[in-house]
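Within every chain, numbering begins at 1; the chains are lettered A, B, ... in the order of the sequence lines, protein sequences first and strands thereafter. All figures in this text were calculated on a predicted structure; none of them were measured in a lab.
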Amino acid sequence: MQELPRSYEPSTIEAELFKSWDEAGYFDRSAAGFANEALDPYTVVIPPPNVTGVLHMGHALNNTLQDILVRIARMKGQPTRWIVGTDHAGIATQNKVEQKLTEEGLTRFDLGRKAFVEACWDWRQSYGSVIIEQLKAMGCSCDYAHEQFTMDPDYARAIRKVFVDWYNAGLIYRGHRIINWCPRCTTALADDEVEHHEECGSLWYLRYPLSEPVDGVEYLVVATTRPETMLGDTGVAVNPNDEQYKALLDSGATILLPLMEREIPLFADEYVDPDFGTGAVKVTPAHDPNDFAMGERHDLEQINIFDEHAVLTSAAGRFAGLTREQAREAVVRNMEELGLLERVEEHQHAVGHCYRCDTTIEPWLSEQWFVAMKELAAPALEAVRSGAVRFYPRRWENTYFHWMEHIRDWCISRQLWWGHRIPVFYCSSCGWVGASEHDLILCPVCNGRLEQDEDVLDTWFSSQLWPFATQGWPAQPGWEEELAAYYPTQVLSTARDIIFLWVARMVLSSLYFVEDVPFNDVLIHPTVLDRFGNIMSKSRGNGVDPLELIASYGADGMRFGLALQVTGNQDMKFNEDKLLGSRNFATKIWNAARYVLMHIEGLRFAPGRIEPEPATEADRWILSRLAGLTRSLNDPETRYDFGAHARRLQRFFWNEFCDWYIEISKGQLTREALRQSTAQNLVFVLDQALRLLHPYMPFITEKIWQSIPHGDTRPSLMVAAWPDDKALAAYLHPDAERRLSLLLDVVATVRSVRARYGISPKQPLAVVVRTAGESAASHAESLSSLSLMLTQLGNLASFTAGEDADRPDNASVTVTDELEIFVELEGLVDFAVERERLSKEQEKLEADRARLESKLSNQGFLSKAAPEIVEKTRTDAAEMADALSRIAAQLESLPR
RNA sequence: GCGCGAUUAGCUCAGGGGGAGAGCACUACCUUGACACGGUAGGGGUCGCUGGUUCAAAUCCAGCAUCGCGCACCA
């Protein structure tokens, strides 16, 4: 037990507490021996942040939620491990290191592959742990002692095995295809890594002259959004059923491609939509996936006019050397000069951009590696259909299904240097090609020298293994036992934008290699938008730095404020007010704890856990409320309803414990007979509340808990027992709750009267309550027994309650369903004001009553509504009628 | 085009068939020995629109409108 400083300064306690948890070993699965090995383990893998990453709001939210779940499990005694680590993030990291080189006037080619990769490792050494440190600042209770990295040697082994197994199973193949190419990153991208934005572009109508006029027709018109690609055209297609081109098709006409003076065929293909543009499509097999497909069907030449930077090559003749933007301008100008530009229309269309650098993607023909997905997708689809993997909220399962059902092969090769190099070896002598888990030097066939594939694997190829590769698969000692005990993991919490990129692929690869799902629950948290509803991004500059928020509100304030905003919705407009409110809440908790400490000074507690001792109605009430809170927080159905739980916690602590129980305790503590029991109840409720709050606000709760005499033998709240709703259920007490609400009504009424008449809280008032209705007698008795408490809370000069209590002269009158509350005002009372207020109340009540009565006179209602509803309506209406008559009587008897 | 989400107090959002809620903001009063990052009392809403189901709809269903997010794209 120790003193708490007068004011709460988060920054003065957070780092120190974190260090103490770390040193005590609580982040380990054994929680320094406090975990109960007999219970189900709880394992979570963090979505590995990029090594280049700095904490953003998405991380702050996601890791708050994971930490809440992990801390609850740990307090329940489950062997808990939150696996943490970083992702090597191929493109992102390579970009960072290249950027640094550029500043030094170098390119990666100046360094060469080996030195460049070393530079990446150096970079990782220097900056790669930034985000891990930030997680610590948030208070995240990850297993930092076993930090993982997707480029670790053990991880690399897993990658190798996956690649080789799939290669040998024929699931990985090499192909010459149109892929998405980023000319800035100079690498291929998977379909999912391309972001489509709607852009306002143009549709150019170009005249393509026929080689020979047909029946006086000299040209046809094609429409295109990318005129520059015409330099690579090797055909023009129309729909076979399109009447307007029938004659041309039948005549076997060919086209003389302008600017290139190349003769290209006119052909028919079902793909062409006769109603779009002119119904004639220029076909560029090397630069458009659809054209590529048509080219394959019609055996067209593929002319690649772009190099890897999307600069025109010699295949573009005199346009060689231009960028694609310059080429567009030049082509359009040239066509116009030739009189071949018919018209230009505005045209809205989606354009693909690199998800890493936002450069416009170029569909580009190249040799790449692919994973055949269809076969792999089937069990992954089934895993979610069967419920083995369940999404929260459930609707995201549709997104997953749609992707899995329309899955396309996955381009996994990247033309980068930083990453897992593709383990395929080529023999230049005999042409042998093979994949190997170990580096090969000599050809197994001809003993010739082997060359390894130059490309590296997509970063998502490695992160798909995260849940099992981080637990030792496939070669670390004891991995089978590890997975048998701790796999699948319990929950994966992440943002919706990586459901395809990551979540789906983890399911798919885990089912293949570990023959089990990687996790049972997938929690898709809302996306944090700025306060105007825009997505937060670097380019918009509207991001909020979680570390600044921690500085302003404390880690606890930030966490609680974020948790409060979590709903089942897809978005969350970031509301900083909630963080301010949460910091204030933390201060409230702090001060409540200081109050408790202050008032138990000099008291002695029996050894062991402090037990509650319900001696008064208020004691029974607060314990009942605590029991109810604990029950609702432990409901497994609502385990991911963070916002609802946070609100309940705040309501209980602030509005019930602080506003009422602490206030009531002030009176109880002055009575010798109640002093000890009240103190015990204060400590007990505070202790239990701190436990329930700890997962949300780990620092302040720990700090306070270690300062109060809870009597628990555990040295830290982090490993103290989570409140047991079944044990607390013994304290549920509906009658006490009902009686306290009567008292609360009376107190609120007295305060309201004071405010209305400007009477100081310091001036004691005499109050008389007349009880009414069926429970009049017991209510009168309850209130009488609570009179000490009432007197203290309302600062009353006297209090009497009874079924037949008389209204004093000169009293303000308030009528409730079950009470008539008279507050004596000794000449101050303004009866005109009282009458007006009562009349207003009467009006409102009469309207309500009329509505209920109309229900009760409705045959349909009486015969079809649930009996208990009818009964309730009846008693409510009766109560209202009764209250109305009492109001009428009061109005009648009030002096004029 | 297909799918999904949102629309409730000035703002941010809960709620989810049976008497409209919270926080912030606003107004008034209160520096009371836990807390002014506080307390008390107030004001403020025909729950987007139109239909339907139902004894009963803010709540369920359909359509519409507006905003937003995916996916797929016809060059």
Rounded to whole angstroms, how far apart are CD on A/Glu576 and P on B/C11? 19 Å
Of all the nucleotides listed (B/G68, B/A34, B/C55), which has the minimum atom distance to the side chain of A/Gln570? B/G68
N or O in side chain of A/Asn290 less than 4.0 angstrom from B/A75 OP1/OP2: no
When all nucleic acid strands are considered with a 4.0 Å heavy-atom cut-off, which category describes A/Asp659: base, sugar-phosphate, or nothing? sugar-phosphate
Starting from P on B/G16, measure out to CZ on A/Arg647 and report it in whole angstrom. 10 Å
Sorted by number, residues from residues 587-594 of chain A placing a heavy atom under 4.0 Å from RNA chain B are A/Thr587, A/Lys588, A/Asn591, A/Ala592, A/Arg594
Please state whether the phosphate of B/C2, meaning OP1 or OP2, lies under 4.0 angstrom from any side-chain nitrogen or oxygen of A/His406. no
Could you check how far CG of A/Asn655 sits from P of B/A22, rounded to whole Å? 10 Å
Could you measure between the two C1' atoms, the one in B/A62 and the one in B/C69, and give it in whole Å? 23 Å
Over all strands shown, is A/Arg756 touching base, sugar-phosphate only, or nothing at heavy-atom distances under 4.0 angstrom? nothing
Rounded distance in Å between the P positions of B/G3 and B/C11: 32 Å
Send over the distance from A/Leu597 CG to B/C35 C1', rounded to a whole Å. 14 Å
When the P atoms of B/C55 and B/C67 are considered, how many whole Å apart are they? 38 Å
Using a heavy-atom cut-off of under 4.0 Å over every strand shown, decide if A/His287 touches base, sugar-phosphate, or nothing. nothing
Using both distances under 3.5 Å as the test, list the Watson-Crick or G-U wobble partner of B/A6, or none. B/U66
P-based separation of B/G39 from B/C71 [nearest Å]: 46 Å
Among B/C4, B/A75, B/C55, which is the nearest nucleotide to the side chain of A/Val272? B/A75
Nearest listed nucleotide, side chain of A/Val281, among B/A75, B/G18, B/A34: B/A75
Tell me the interatomic distance from A/Gln565, atom CD, to B/A22, atom P, rounded to whole angstroms. 18 Å
Could you measure between the two C1' atoms, the one in B/A58 and the one in B/U40, and give it in whole Å? 31 Å
When you get a sec, tell me which of B/A41, B/C35, B/U12 is the closest nucleotide to the side chain of A/Lys573? B/U12
Indicate, with a heavy-atom threshold strictly under 4.0 Å, whether A/Arg6 touches base, sugar-phosphate, or nothing. sugar-phosphate
Quick check with a 6.0 Å cut-off and a 45 degree axis cone: is A/Arg583 positioned over the face of A/Tyr553's six-membered ring? no
Under 4.0 angstrom, heavy atoms only, what part of the nucleic acid is A/Ser760 near: base, sugar-phosphate, or nothing? nothing
Determine the Euclidean distance between corresponding P atoms of B/G16 and B/C61; express it in Å to zero decimal places. 14 Å
A/Lys855 atom NZ is separated from B/G17 atom C1', nearest whole Å, by 10 Å
Atom-to-atom span, NE2 of A/His402 to P of B/C71 - whole angstrom: 10 Å
Any side-chain to backbone donor/acceptor pair from A/Ser665 onto A/Ile662? Under 3.5 Å, distance only. yes
Remember a base hit wins even if backbone is also touched, and classify A/Glu405 as base, sugar-phosphate or nothing at under 4.0 Å, heavy atoms. nothing
Taking only side-chain nitrogens and oxygens of A/Arg754, does any of them come within less than 4.0 Å of OP1 or OP2 of B/G42? no
Rounded distance in Å between the C1' positions of B/G45 and B/C29: 26 Å
Looking at B/G38, B/A75, B/C55, which one has an atom nearest to any side-chain atom of A/Asn584? B/G38
Identify whether any heavy atom of A/Arg408 sits under 4.0 Å from a base atom; if not, whether one sits that close to sugar-phosphate; answer base, sugar-phosphate or nothing. sugar-phosphate
A/Ser7 side-chain N/O to B/C35 phosphate OP1/OP2 under 4.0 Å: no
Which nucleotide, in any strand shown, forms a Watson-Crick or G-U wobble pair with B/A34, with both distances under 3.5 Å? none
Residue from A/Val503, A/Leu523, A/Ile499 passing side-chain contact (heavy atoms from CB on, under 4.5 Å) with A/Trp396: A/Ile499
Check whether any side-chain N or O of A/Asn398 sits under 4.0 Å from OP1 or OP2 of B/C71, and answer yes or no. no
Which one is paired to B/G42, where only Watson-Crick or G-U wobble pairs with both distances under 3.5 angstrom count? B/C26
What's A/Ala280 touching, base or sugar-phosphate or nothing? Going by heavy atoms closer than 4.0 Å. nothing
Can you find a donor-acceptor pair, distance only, under 3.5 Å between A/Lys666 side chain and B/A34 base? yes
Candidates B/U40, B/G5, B/G70 - which lies nearest the side chain of A/Phe500: B/G70
Ring centres of A/Trp590 and A/Tyr8 under 6.0 Å apart? yes
Mind checking if A/Ile662 touches a base, just sugar-phosphate, or nothing, with heavy atoms under 4.0 Å? base
Using heavy atoms to find the nearest nucleotide of RNA chain B for A/Gln650 and A/Ile869 separately, return the residue whose nucleotide is more 5′. A/Ile869
Has A/Arg625 got a side-chain atom pairing as donor or acceptor with A/Phe657's backbone, closer than 3.5 angstrom? no
Phosphate OP1/OP2 of B/G39: any A/Trp654 side-chain N/O under 4.0 Å: yes
State plainly whether the residues A/Glu843 and A/Lys840 are in salt-bridge range, i.e. N to O under 4.0 Å. no
Pair A/Lys844, A/Glu841 - check salt bridge (charged side-chain N to carboxylate O under 4.0 Å, His left out), show working. CA-CA 5 Å; A/Lys844 203 179 144 232; A/Glu841 184 62 25; 5.3 Å; no
I'd like the P distance from B/G21 over to B/A28, given in whole Å. 25 Å
For A/Tyr8 and B/C37, is the shortest distance between a side-chain N/O and OP1 or OP2 below 4.0 Å? no
Against the six-membered ring of A/Trp410, is A/Arg505 placed for a cation-pi contact (under 6.0 Å from the centre, within 45° of the normal)? yes
Given B/C37, B/A14, B/C74, the nucleotide with the shortest approach to the side chain of A/Thr567: B/A14
Of all the nucleotides listed (B/A34, B/C4, B/C55), which has the minimum atom distance to the side chain of A/Arg395? B/C4
Candidates B/A41, B/U12, B/C55 - which lies nearest the side chain of A/Ser752: B/A41
For B/C55, the nucleotide meeting Watson-Crick or G-U wobble distances (both under 3.5 Å) is B/G18
Considering every strand and a 4.0 Å limit on heavy-atom distances, what is the contact class for A/Asp817: base, sugar-phosphate, or nothing? base
Selected nucleotide, minimal atom distance to A/Glu198 side chain, candidates B/G18, B/A14, B/C73: B/C73
Taking 4.0 angstrom as the limit, do A/Asp571 and A/Arg496 come out as a salt bridge? yes
Tell me the interatomic distance from A/Glu868, atom CD, to B/G17, atom P, rounded to whole angstroms. 15 Å
Salt bridge or not for A/Lys703 and A/Asp556, using N-O below 4.0 Å? no
Please name the nucleotide paired to B/C71 by Watson-Crick or G-U wobble geometry with both distances under 3.5 Å, or report none. B/G1
